[in-house]
Amino acid sequence: MKYIVAMVLMLLPTLSSAHSMLPGFEVEYAPAPVFTKTYELENHYDFPATLEVYVLNKDGSPAVGWRTDKETYKMKPKSKNQVSIDFKSVGQRKLLVCSKLVGVGYEEVKPSIISVVCSRLIINGNSE
């Protein structure tokens, strides 16, 4: 039992430092054919990180009908960044907007542990 408690205490600092994305869950109504949503990425790590942003359908397959200015964001330690994503808003779309750690440090070394954070988004758009 002592060993399990010791292992959990050793892992807690690792679990607390990561990256985050806000908002976590949103339902939006979009009367226009294109809907723009802004997310806030935050690097909680003590080192520079490169994050990739991508969108999935609710079943986990890659989504179509979305666009952002760039797919990767280089972030300094303890920093925030705004990401605007344009979505095609025809009918109802249930999406996962995700960010993934793809690079560590200024040299963008491939990380040994990849963290992924996803936000749920439901877009109620106009019908065709």
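Residue numbers count from 1 along this sequence. Owing to the predicted nature of the structure, the values given are computational and were not obtained by experimental measurement.
The shortest side-chain heavy-atom distance between V97 and F87 falls under the 4.5 Å cut-off. Here the side chains of Y29 and S89 are not in contact, with every heavy-atom distance at 4.5 Å or above. Side-chain contact between D86 and F35 is absent, with no heavy atoms from C-beta onward closer than 4.5 Å. Within the 4.5 Å cutoff, no side-chain heavy atoms of C98 are placed close to those of V117. Contact check for N81 versus Y39: no side-chain heavy atoms found under the 4.5 Å cut-off.
Using modelled atom types, one side-chain atom of N43 and one backbone atom of K76 make a donor-acceptor pair closer than 3.5 Å. Although no hydrogens or angles enter the test, the distance criterion places a donor-acceptor pair under 3.5 Å between the side chain of H19 and the main chain of S99. In this structure, K58 contributes its side chain and L95 its backbone to no donor-acceptor pair below 3.5 Å. Using modelled atom types, one side-chain atom of T68 and one backbone atom of S84 make a donor-acceptor pair closer than 3.5 Å. Distance alone, capped at 3.5 Å, is enough to place a donor-acceptor pair between the R93 side chain and the K88 backbone.
Listed here is the closest heavy atom pair of V53 and W66: O-CH2, 3.9 Å. The two residues K100 and I114 make their nearest non-hydrogen contact at CG-CG2, 3.4 Å. The shortest non-hydrogen separation linking M21 to S119 is CE-OG, 3.4 Å. Contact between P77 and P48 at its shortest, heavy atoms only, is CG-N, 3.7 Å. Residues A30 and I123 approach most closely at CB-CG2, 4.1 Å, considering heavy atoms. Shortest non-hydrogen contact noted between L41 and M75 is O-CE, 3.5 Å.
Residues E28 and K37 are paired through a salt bridge, judged by an N-O separation under 4.0 Å between the basic side chain and the carboxylate.
Atom CD in E71 sits 13.5 Å away from atom OG1 in T50 (nearest 0.5 Å). For the atom pair CG of L51 and NZ of K74, the computed distance is 12.5 Å after rounding to the nearest 0.5 Å. S20 OG to K80 NZ: the interatomic distance, rounded to the nearest 0.5 Å, is 8.0 Å. The NZ atom of K94 lies 5.0 Å from the CD atom of Q92; values are rounded to the nearest 0.5 Å. Rounding to the nearest 0.5 Å gives a distance of 4.5 Å between OG of S115 and CG of L101.
Counting non-hydrogen atoms of other residues, nucleotides and ligands closer than 6.0 Å to CD of E108 gives a total above 12.
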Legend entry - Check against salt bridge (charged side-chain N to carboxylate O under 4.0 Å, His left out), D69 and R67: CA-CA 7 Å; D69 291 336; R67 185 185 74 75; 3.6 Å; yes

Inset, instruction - Evaluate side chain to side chain contact (heavy atoms under 4.5 Å, CB included) for Y45 paired with S79, printing each intermediate quantity in order. - result: CA-CA 9 Å; Y45 294 115; S79 66; over 6 Å; no

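In the hydrophobic cluster analysis, where Ile, Leu, Val, Met, Phe, Trp and Tyr join through side-chain heavy atoms closer than 4.5 angstrom, V102 is grouped apart from V83. Note: the hydrophobic cluster containing F47 also contains Y73 (ILVMFWY, side chain heavy atoms under 4.5 Å, direct or indirect links).
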